[in-house]
Peer 1: 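Before anything else, here's the structure in question.
As a basis for the values below, the full set of heavy atoms in this structure was taken, side chains included, without hydrogen atoms, waters or symmetry mates.
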Amino acid sequence: MTKKNTLEGIQFPVTGDGKRSTTAVGKAIIQTALAAAGSEGVQAVAEERDWRHRYPRHLRKLSEVSLRDGETALATARAGLAAAWGRLVFMREGEGVPLAAAMAEPATEAWHTVTVAGEGGGDIRPWGLPYEGDFLQGDKLRRQIDKWEEESIIEPSHGEALRRVLAHPEWFDLSDRTVVLLGAGSEAGPLKWLAGWRANVVALDLPRPGVWEKIVGVVRGGNGRLLAPVSQPVAADAEPESWFDLAGADLLTQTPEIGQWLSTLDADLDMAAIAYLDGERHMRVSVAMDAIMSKVSETKPASSLMYMATPTDVFAVHEETARMAMAHYESRHVLRKAAALPLQGVSGGRLLQPHVTELITSANGKKYGLVDCLVIEQGPNYALAKRLQQWRAVVARAEGQRVSLNVAPSTTTQSVIKNRALKAGFDGASMYGVEVFAPETTNALMAAMWVHDLRYDGGASNPETVLDHPLELLMEGANHGGLWRAGYLPRTALPLAAVVGFVKGSLGG
């Protein structure tokens with residue numbers, strides 16, 4: 001965001017003291033969602049004085065009450081989304097209006113559309129996995145998938161989906177799909193793969209020439225087709241370099257106009273919410289993407305939604321996953337148990353706590369567990385931004401849309417490794433059976449999972465597939481890197497993993 005835009009677009013509202021409080025808004029949204037379930041947790045949120053450090057217990061409570069039954073899960077999701085839309089405002093030229101009103105009245109100026117065709121030949125790029133300096137395909141890739149499953153790095157449904165796409169290479173011809181990347185230049189995004197699978201890629205990213213030079217370069221190297229917004233008409237035969245300074249849009253400040261432009265495109269759209277911003281801006285950009293996708297879904301109801309969830313969140317999980325986490329805690333080596341006792345004593349019981357301690361019986365008769373992988377350092381705004389995406393996913397699916405939501409593994413993106421404590425924790429995470437992935441590996445995995453969810457009608461993404469609970473959408477296809485099935489509550493082990501990570505870093509390991 002440029003300085004002149006700091007008070008434009010989607011913003012947190014001004015409170016009585018003249019400040020914009022993200023805490024007040026975050027607490028209000030969670031309270032509203034809890035109230036929809038009739039939960040006593042509403043008062044606990046109101047009385048919470050250390051939201052920055054104690055928000056995990058309230059998000060956990062929300063996940064717990066949402067497991068009660070399917071209607072409660074949908075009620076909390078709808079209430080939370082409505083609260084987010086109602087609390088944040090859209091600022092334009094110093095005037096704030098409700099987000100819904102802003103989305104209904106975009107500015108009159110419209111973008112023009114420019115296209116770029118790939119020059120890389122017609123063959124579909126074979127899917128494979130860049131992994132630890134190798135490129136895995138065929139049987140070698142299948143063995144790695146088996147290994148991850150055996151080591152509890154991925155859920156079985158994730159492995160099944162990857163094996164399924166390996167068995168159907170024809171699925172990767174995406175010439176019949178028009179995919180929208182909200183945040184096309186995202187480090188964790190699938191642009192490179194889509195460009196080699198003949199996809200029609202609608203790219204949204206900031207109006208910065210350098211960003212568009214990179215995006216166009218990727219598309220030109222493949223066989224797909226790029227569609228991008230430009231502020232002025234461009235000749236069909238114009239070289240892309242001539243319009244780089246005209247391309248792009250700001251998700252935060254041009255939200256209504258983006259929704260309008262996408263609605264004019266002549267195709268149903270598969271929309272991916274993959275933009276990331278630091279701090280409270282991530283909450284705002286998540287609301288922006290939600291507003292855009294909702295607008296397009298109204299005009300193009302056959303369009304689909306795609307999200308990449310973070311494993312560092314609270315999730316309801318299948319009974320088998322929860323029992324595995326319990327078993328991992330109980331089966332610790334005797335020496336590790338002995339070593340944990342003094343650490344737990346010195347820390348007042350804060351370190352090395354058990355991850356899953358009970359099962360919850362839902363109204364459908366099934367038992368589920370709750371895994372809590374929230375990392376305090378990522379903050380409440382990040383957690384709430386990701387919860388908004390979960391809410392929209394379950395609501396949209398319940399209303400008949402295809403929704404691809406898969407948990408992506410913790411990844412060493414720039415946004416992660418610039419946080420020294422978080423980087424050190426991930427560097428040492430292997431001591432607790434957790435694997436952290438390189439960006440190129442995550443990109444390939446999640447691109448394949450999106451293709452799977454678009455093509456496979458028997459999966460959870462298809463609203464016609466019967467689920468026993470709406471939250472089962474979030475349980476399927478997860479690559480959590482081992483966090484869900486870890487024996488220790490992750491944030492009570494992360495400080496020790498960070499010590500190991502710092503040592504490894506200082507030794508160059």
Peer 1: I'd like to know if the side chain of H480 pairs up with that of E435 as donor and acceptor (distance under 3.5 Å, no hydrogens or angles considered).
Peer 2: no
Peer 1: Donor-acceptor check, side chain of D245 to backbone of A247, threshold 3.5 angstrom: yes or no?
Peer 2: no
Peer 1: Keeping T492 on the side-chain end and L351 on the backbone end, is there a donor-acceptor pair under 3.5 Å?
Peer 2: no
Peer 1: Give a yes-or-no answer on whether the side chains of S303 and S297 include a donor-acceptor pair shorter than 3.5 Å.
Peer 2: no
Peer 1: Would a 4.5 Å heavy-atom cut-off, applied to side chains only, mark M449 and H158 as touching?
Peer 2: yes
Peer 1: Partners of S39 by side chain to side chain donor-acceptor pair (under 3.5 Å), sequence neighbours excluded?
Peer 2: none
Peer 1: Would you tell me whether Q378 and T312 have side-chain atoms, one donor and one acceptor, within less than 3.5 Å of each other?
Peer 2: yes
Peer 1: Salt-bridge test for E64 and R60: reply yes if a basic N is under 4.0 Å from a carboxylate O, no otherwise.
Peer 2: no
Peer 1: For W85 and S294, does a side-chain donor sit closer than 3.5 Å to a side-chain acceptor?
Peer 2: no
Peer 1: Walk me through it: do L277 and L252 pass the test side-chain contact (heavy atoms from CB on, under 4.5 Å)?
Peer 2: CA-CA 11 Å; L277 293 172; L252 288 178; 3.8 Å; yes
Peer 1: Are L181 and L204 close enough that some pair of their side-chain heavy atoms sits under 4.5 Å apart?
Peer 2: no
Peer 1: Taking all atoms of both residues into account, what is the closest heavy-atom pair of V375 and Y55, and its distance?
Peer 2: O-OH, 3.3 Å
Peer 1: Is it true that, when you exclude R78 itself, more than 12 heavy atoms of the residues, nucleotides or ligands shown sit nearer than 6.0 Å to its CZ?
Peer 2: yes
Peer 1: Between S66 and A73, which heavy-atom pair has the shortest distance, and what is it?
Peer 2: O-CB, 3.3 Å
Peer 1: With distance as the sole criterion, is a donor-acceptor pair present between the side chains of T72 and D69 under 3.5 Å?
Peer 2: yes
Peer 1: Hey, mind stepping through R177 and D270 against salt bridge (charged side-chain N to carboxylate O under 4.0 Å, His left out) and telling me if it holds?
Peer 2: CA-CA 7 Å; R177 315 295 305 202; D270 302 310; 2.9 Å; yes
Peer 1: Check this for me: K214, atom NZ, are more than 12 non-hydrogen atoms of other residues, nucleotides or ligands nearer than 6.0 Å?
Peer 2: no
Peer 1: Is atom CD of E71 surrounded by more than 12 heavy atoms (other residues, nucleotides or ligands) closer than 6.0 Å?
Peer 2: no
Peer 1: Parallel, tilted or perpendicular, judged at 30° and 60°: which one describes the rings of Y276 and H282?
Peer 2: tilted
Peer 1: Without swapping roles, check the side chain of K61 against the backbone of E40 for a donor-acceptor pair under 3.5 Å.
Peer 2: no
Peer 1: Do E476 and R397 meet the salt-bridge criterion of a basic N to acidic O distance under 4.0 Å?
Peer 2: no
Peer 1: Could you check, using the six-membered ring where one of them is a Trp, whether H355 and W484 have ring centers closer than 6.0 angstrom?
Peer 2: no
